[in-house]
Amino acid sequence: MFYFFVMDDTPTNRDRDKRVLELYEKVLEVEQRLIPTGLHVFGRASTHAEVADLLRMVASFDRPEMGVRALTDLIAEGLGLPSYSILLGESGDSNQRMAEREKVEAILREAIARFLATRGARAGVSAAELLSRRAGVAVEQAVNVFAVLAGVLKQLETSHEIDSLVRALKGEYVQPGPGADIIQNPMVLPTGRNTHAINPYSVPSSGAVRRAEPVVEALLARHLKEAGRYPASMAMVLWGIDNIKTEGEAVAQVLSLLGVTPRRDAMNRATDVDVIPLEQLARPRIDVVMTVSGIFRDLFGSTMTLLDTAVRRVALLDEPAELNFIKGNVESQMFETGCSFDEAAVRVFSNAAGNYGTNVNFMVLDSQWEDSAELGDLFLTRKCFAYGRDSQGRAFDGREARKLMERALQRVEITYQNIDNTEVGIIDVDHYFEYLGGVSKAVERQTGARPKIYLSDTMSPTAKVRTLEETVRLETRTKTLNPKWFEGMLRHGFSGVAEIEHHVTNTFGWSATADAVDDWVYDEVAATYVLDEQMLDRLRSLNPHSARTLVGRLLEASGRGLWSAEQSVIERLREAFTSLEDELEGVRG
């Protein structure tokens, strides 16, 4: 009997191998994550290591506008392997697939190293010849890619920031340039230019529409796999600066979820939408409640009208409610509340005219909340102003509509936001938990249940969709607890310690708004920065104010029941906090 009990309790070899593969994927994800290893120093060009990493990432994306393909795909094809996106996929992983992916990446690293070591006019040819020998890549195709990389390299190694600052201070002309992430759009280089926005009437661009499709597919597939059905309604955050950088990728995602495409006039302006037939869409139309930033409202007025038009167009289609969730939700709301179609179809919400932000971040940072429901109420109060046009085409921009927003959120099952920058993640700034955390808490306030929270990552060649908890874990491992990251920050002294404290505080923000932080995160943060006396002394000597705030935030997490810490740890944190306070107040022991 005992023998069979042991055998039943022991994982099979198959289960063990599956678990090992899952752990390997997590390690690989952490290893490949591109992170800043210090603050940007004004006027200083990128280091050799930073250049190599950036070029490798730039080379991993197709650039149809430049007529080049991703080197990773060219290498995989040359080796007779599936495309790199398939090698990166989660389904069907095996030891063989991992080995194939590692081989592709090793050859890419070798080629980039050769390119940087050779320099001169033959650098691209030399690297292309290496790819031809090692992976059977056509020299002509590879040379075209390295020609693009040569331009990126030249711009990375120069900086016009100081010269441009001097010119600006003298009132002289500063050359303009687009704002975006370097990996997604290398045309942002060189730095030191006067960043400009885009033509709002062109949003979303054709490229944004193309990039949005696989992200939407991955998002819906993830929810379908976990919930067994499509979400009937979701809330999505739209930011102005992000949509400038991506030419409206998040806008394109909304349109794709609704099952429409932008219609362009002779001047390439997106003025209307065309409905994708259900047979072609092959899935239901998803109801999307949009919470829009104040900057988006100011810069993309025409885009907000386009989004409102798309919602109303879809809500009026002659389709079954089980395949058109917008139509079903609008009709249900009209029946249940007796409201008009114009009221039931409102889906675009922002601040009142002239106001910005949700203030959820300030309430959290200042510890001015007792119950987390207050955070959801504040979000609603700040963001409940409706934007769009009624059935007669009359604008109602900026009308307070709290009841309408509450009703729209009552059916929301998931909340979502897109991440499109390698340098700024969800624990780097407080605006992510302010908006995505805020709307999630508002949904929880209306439905009584916490929604599933997703974030998409467009910083890799394949569309990655993660839960909020997964994203917090990933960013904690790759940044907050990563010696490469925090040592890079500590090199900047006072400012570096402040940045570390901001990360801990923003992590706490996700506990406050979404309860999305595991206990081990706080355990490791405490062990790394406070319980390690040598590290605490470094923080104390460089910036005692931020060190005190960091320790205080850990104590607050415990005090609010957001972290189940051991009592011995809490006592040491209290001792450290008291010591830092005494030092700042000039009290001598």
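For this chain, numbers begin at 1 and follow the sequence in order.
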Strictly by modelled atom types, are Y522 and S511 linked by a side-chain donor-acceptor pair under 3.5 Å? yes
Stepwise side-chain contact (heavy atoms from CB on, under 4.5 Å) test for L220 and L224: CA-CA 6 Å; L220 294 179; L224 183 62; 5.9 Å; no
Do you know the tightest heavy-atom contact between H160 and P190? CD2-CG, 3.6 Å
Given V58, which of L156, D53, L149 fulfils the side chain to side chain contact (heavy atoms under 4.5 Å, CB included) condition? L149
SB check E475 R466 (cutoff 4.0 Å): no
Separation of F325 CZ from E413 CD (nearest 0.5 Å): 8.0 Å
If you take all heavy atoms of A252 and A212, which pair is closest and at what distance? CB-CB, 3.6 Å
Taking A232's backbone N and O only, do any of them form a donor-acceptor pair with D287's side chain (distance below 3.5 Å, no angle check)? no
Y529 and L554: side-chain contact (heavy atoms from CB on, under 4.5 Å), yes or no, with the steps? CA-CA 11 Å; Y529 295 107; L554 290 173; over 6 Å; no
Nearest 0.5 angstrom please: L189 CG to E157 CD, how far? 11.5 Å
Rounded to the nearest 0.5 Å, what separation is found between the CZ atom of R538 and the CD atom of Q534? 7.0 Å
Charged N to carboxylate O below 4.0 Å: is that the case for E102 and R109? no
For the side chain of E77 and the backbone of L74, is there at least one donor-acceptor N/O pair under 3.5 Å apart? no
What is the minimum heavy-atom distance between L307 and M290, and which atoms define it? CD1-SD, 3.7 Å
The test is side chain to side chain donor-acceptor pair (under 3.5 Å); show your working for D73 and S83 and say whether it passes. CA-CA 5 Å; D73 280 339; S83 70; 4.8 Å; no
Quick check: closest heavy atoms across A142 and V137, and the distance to 0.1 Å? CB-CG1, 4.1 Å
Answer with yes or no whether the side chains of S126 and R114 bring together a donor and an acceptor at under 3.5 Å. yes
I'd like to know if the side chain of T476 and the backbone of V472 have a donor-acceptor N/O pair within less than 3.5 Å. yes
What verdict does the salt bridge (charged side-chain N to carboxylate O under 4.0 Å, His left out) test give for R450 and E469, after you've listed the backbone C-alpha separation in whole Å, the side-chain angles of each residue and the deciding distance to 0.1 Å? CA-CA 13 Å; R450 179 180 175 276; E469 292 83 354; 2.8 Å; yes
Evaluation steps, side-chain contact (heavy atoms from CB on, under 4.5 Å), between L116 and V51: CA-CA 9 Å; L116 291 173; V51 168; 4.1 Å; yes
Would you please test E524 and R477 for salt bridge (charged side-chain N to carboxylate O under 4.0 Å, His left out) and show each step? CA-CA 10 Å; E524 292 300 319; R477 290 185 175 111; over 6 Å; no
Residues T505 and E501: side-chain donor-acceptor under 3.5 angstrom: yes
Could you tell me whether a side-chain N or O of D532 sits under 3.5 Å from a main-chain N or O of M535, the two making a donor and an acceptor? yes
State whether the side chain of N482 and the backbone N or O of T478 hold a donor-acceptor pair below 3.5 Å, judged by distance alone. yes
Looking at A70, is its backbone amide N or carbonyl O close enough to the side chain of D62 to form a donor-acceptor pair, meaning the two atoms are under 3.5 Å apart? yes
Shortest non-hydrogen pair, S546 vs A498, comes out as OG-CA, 3.4 Å
Please check: side-chain N/O of S293 versus main-chain N/O of G240, any donor-acceptor pairing under 3.5 Å? yes
For S456 and N418, does a side-chain donor sit closer than 3.5 Å to a side-chain acceptor? yes
Reported CZ-to-CD1 distance for the pair F300 and I244, which is rounded to 0.5 angstrom: 5.0 Å
Examine distances only and state if a side-chain atom of H503 and a backbone atom of T480 form a donor-acceptor pair shorter than 3.5 Å. no
Counting N and O atoms only, with roles assigned by atom type, does the side chain of S202 sit under 3.5 Å from a partner on the main chain of N199, one being a donor and the other an acceptor? yes
For ring-ring contact (aromatic ring centres under 6.0 Å, His included), just list the numbers for Y435 and W239, CA-CA rounded to whole Å, side-chain angles, deciding distance to a tenth of an Å, and then say yes or no. CA-CA 9 Å; Y435 275 85; W239 282 353; 5.8 Å; yes
Under 3.5 Å: donor-acceptor pair, side chain of D242, backbone of L238: no
Please determine whether side-chain contact (heavy atoms from CB on, under 4.5 Å) holds for the pair F146 and I112, giving the CA-CA distance in whole Å, both sets of side-chain angles, and the decisive distance to 0.1 Å. CA-CA 9 Å; F146 285 110; I112 295 296; 4.3 Å; yes
Salt-bridge test for R222 and E226: reply yes if a basic N is under 4.0 Å from a carboxylate O, no otherwise. yes
Step-by-step salt bridge (charged side-chain N to carboxylate O under 4.0 Å, His left out) determination, R134 to E110: CA-CA 10 Å; R134 298 274 281 110; E110 186 179 354; 3.0 Å; yes
Between the side chains of S256 and E213, is a donor N or O closer than 3.5 angstrom to an acceptor N or O? yes
N506 side, atom CG; F508 side, atom CZ - distance, nearest 0.5 Å: 11.0 Å
Nearest non-hydrogen partners of A514 and I453, listed with the distance: CB-CD1, 3.8 Å
Would one find more than 12 heavy atoms of other residues, nucleotides or ligands at under 6.0 Å from atom CE of M187? no
Flag the pair E161 and R193 as a salt bridge only when some basic side-chain nitrogen lies within less than 4.0 angstrom of an acidic carboxylate oxygen. no
Are T72 and S60 close enough, and set up right, to give a side chain to side chain donor-acceptor pair (under 3.5 Å), and what steps lead you there? CA-CA 6 Å; T72 43; S60 298; 4.5 Å; no
Value rounded to 0.5 Å, distance of CZ in F115 from CG in L131: 11.5 Å
CA sep, side-chain torsions, deciding dist, call: T471, Y454, side chain to side chain donor-acceptor pair (under 3.5 Å): CA-CA 9 Å; T471 308; Y454 293 106; over 6 Å; no
Charged N to carboxylate O below 4.0 Å: is that the case for E249 and R210? no
